[in-house]
2 protein chains.
Amino acid sequence: MAYAGLTAERLTRAGAELADEVGFDQVTVSELARRFDVKVASLYSHLKNSRDLKTRIALLALEELADRAAEALAGRAGKDALTAFGNVYRDYAREHPGRYAAAQFRLDPEAAAASAGGRHSQMTRAILRGYDLTEPDQTHAVRLLGSVFHGFVSLELAGGFSHSAPDSAESWSRTLDALDALLRNWPTP
Amino acid sequence: MAYAGLTAERLTRAGAELADEVGFDQVTVSELARRFDVKVASLYSHLKNSRDLKTRIALLALEELADRAAEALAGRAGKDALTAFGNVYRDYAREHPGRYAAAQFRLDPEAAAASAGGRHSQMTRAILRGYDLTEPDQTHAVRLLGSVFHGFVSLELAGGFSHSAPDSAESWSRTLDALDALLRNWPTP
DNA sequence: TAAGTTGCCTAAAGGTCTTAGGCAAACGAA
DNA sequence: TTCGTTTGCCTAAGACCTTTAGGCAACTTA
């Protein structure tokens with residue numbers, strides 16, 4: 001029948017769009033086949049299985065996120081960098097909720113090692129260069145930043161902050177203020 | 001055939017255990033039926049559908065978590081309360097990863113209103129009474145605490161902090177120190 | 001004890017995942 | 001140019017999960 005031009009690449013990109021539309025959990029090999037107007041079995045020449053598809057989408061999302069973060073960080077330092085970095089995460093999650101969920105997909109060690117995960121922690125460390133932290137506090141701070149960003153964005157996306165004043169954007173802004181203050185005045189026990 | 005004594009309650013509890021064993025996503029009506037040595041269709045007298053089961057597990061987890069938190073908070077204030085509260089979340093997630101994942105299940109508005117969600121935010125507010133914050137900063141701080149706790153626990157559970165020094169328990173302890181310091185010295189822009 | 005309710009069952013339809021094997025078109029080499 | 005190989009999608013089929021419909025036997029209740 002018709003040549004559809006299937007490719008792991010194209011399937012991954014279409015899968016990412018599908019995730020943003022219907023949610024990452026609802027991404028299905030069958031639905032993807034439907035969108036390419038092709039029989040389901042045809043996809044298995046390009047994808048190992050359903051998990052393989054999800055892994056590829058996750059890796060795509062991590063790359064996109066890292067690319068955006070790298071661009072946002074260029075030429076910035078201190079609170080400016082902190083804010084830009086945080087906004088990249090938050091904006092990406094709001095623009096691409098399915099992809100953001102994909103970025104949280106539990107990768108197997110092999111895929112994780114090949115992912116952009118390393119870039120993310122490197123960039124977080126780079127932000128801390130604008131503050132006066134040495135190891136091991138730097139690592140603790142990296143983990144704290146990751147926790148706050150991921151936690152806030154997740155909860156906001158899940159609707160945890162809606163339907164109540166003040167606006168969640170306001171809380172976000174004050175959260176960044178708070179983090180900046182905390183990093184400038186990091187407590188040593 | 002044999003009387004199995006099925007009940008929405010019993011199914012929910014068994015579902016929660018199943019979640020802890022195989023992960024919340026893998027909780028399935030079929031597997032549950034298998035565990036009760038009963039035909040799948042029989043469960044549909046007690047559960048509306050698969051989503052209903054997951055909703056019930058989520059509500060159970062939220063209640064358990066709120067109960068633990070309430071007990072931990074009794075008679076504590078300030079950093080002591082903050083630490084106890086945070087540890088409840090972290091310990092619960094480590095002991096019951098499936099239930100913790102269930103607690104993040106996106107409830108429909110009706111179920112959400114009937115959930116223990118309200119108790120959670122009330123308790124978080126109660127912790128802040130030990131610090132000197134007024135509205136709207138109090139709400140911002142509630143959201144920040146929720147973000148940090150949820151974010152840290154999620155990332156830790158996902159293995160984000162493993163395989164690298166220092167120990168994640170150390171980072172957790174320093175995170176609580178940092179939050180305490182931040183709340184005692186909340187920045188006003 | 002008759003009537004109604006409860007609790008689990010069989011049957012069946014529809015959806016997803018995955019593997020096996022086939023055919024035709026495109027490609028590459030002699 | 002032609003013949004063999006590869007590529008790309010297909011049909012077929014098995015396995016599992018979800019959900020609805022209808023049945024039967026045992027227990028409850030008046």
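Worth saying up front: this structure is predicted, and the values here are computed from it rather than measured. Per chain, numbering begins at 1; letters A, B, ... match sequence-line order.
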Every protein N/O within reach of nucleotides 24-28 of chain C N/O, cut-off under 3.5 Å:
none

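- Distances from the side chain of Ala41(A) to the nucleotides dA12(D), dA11(C), dC9(D) place dA12(D) closest.
- Sorted by first and then second residue, the pairs that involve residues 40-54 of chain B and meet side-chain hydrogen bond (donor to acceptor under 3.5 Å, both in side chains), not counting sequence neighbours, are Asp52(B)-Arg56(B).
- The nucleotide whose nearest atom lies closest to any side-chain atom of Val38(A) is, among dC9(D), dA20(C), dT19(D), dC9(D).
- Contact annotation: His46(A) reaches the phosphate of dC9(D) (side-chain N/O to OP1 or OP2, under 4.0 Å).
- A 6.0 Å sphere centred on CD of Gln26(B) holds more than 12 heavy atoms belonging to other residues, nucleotides or ligands.
- The side chain of Ser42(B) lies closest to dC9(C), out of dT19(C), dT18(D), dC9(C).
- A ring-centre distance under 6.0 Å is found for His96(A) and Tyr92(A).
- Pairs engaging residues 72-85 of chain A under the side-chain hydrogen bond (donor to acceptor under 3.5 Å, both in side chains) rule: Lys79(A)-Asp177(A) [sequence neighbours left out].
- No hydrogens or angles considered: a donor-acceptor pair under 3.5 Å links the side chains of Thr139(B) and Glu135(B).
- Within residues 5-27 of chain A, the residues that place at least one heavy atom under 4.0 Å from DNA chain D are, in residue-number order, Gly5(A), Leu6(A).
- In this structure, the OH atom of Tyr44(A) is 15 Å from the C1' atom of dA12(D), given to the nearest Å.
- In summary, the side chains of Trp172(A) and Asn87(A) do present a donor paired with an acceptor at a separation below 3.5 Å, with no hydrogens or angles considered.
- Centroid-to-centroid, the aromatic rings of Trp186(A) and Tyr131(A) stay 6.0 Å apart or farther.
- Proximity of residues 28-37 of chain B to DNA chain D (heavy atom under 4.0 angstrom from any strand atom) is restricted to Thr28(B), Val29(B), Ser30(B), Arg34(B).
- Residues passing the side chain to side chain donor-acceptor pair (under 3.5 Å) test with Thr124(B), sequence neighbours excluded: none.
- The aromatic rings of Tyr89(B) and Phe149(B) lie parallel to each other, with less than 30° between the two planes, well short of the 60° mark.
- Aromatic ring centres of Phe161(B) and Phe152(B): separated by under 6.0 Å.
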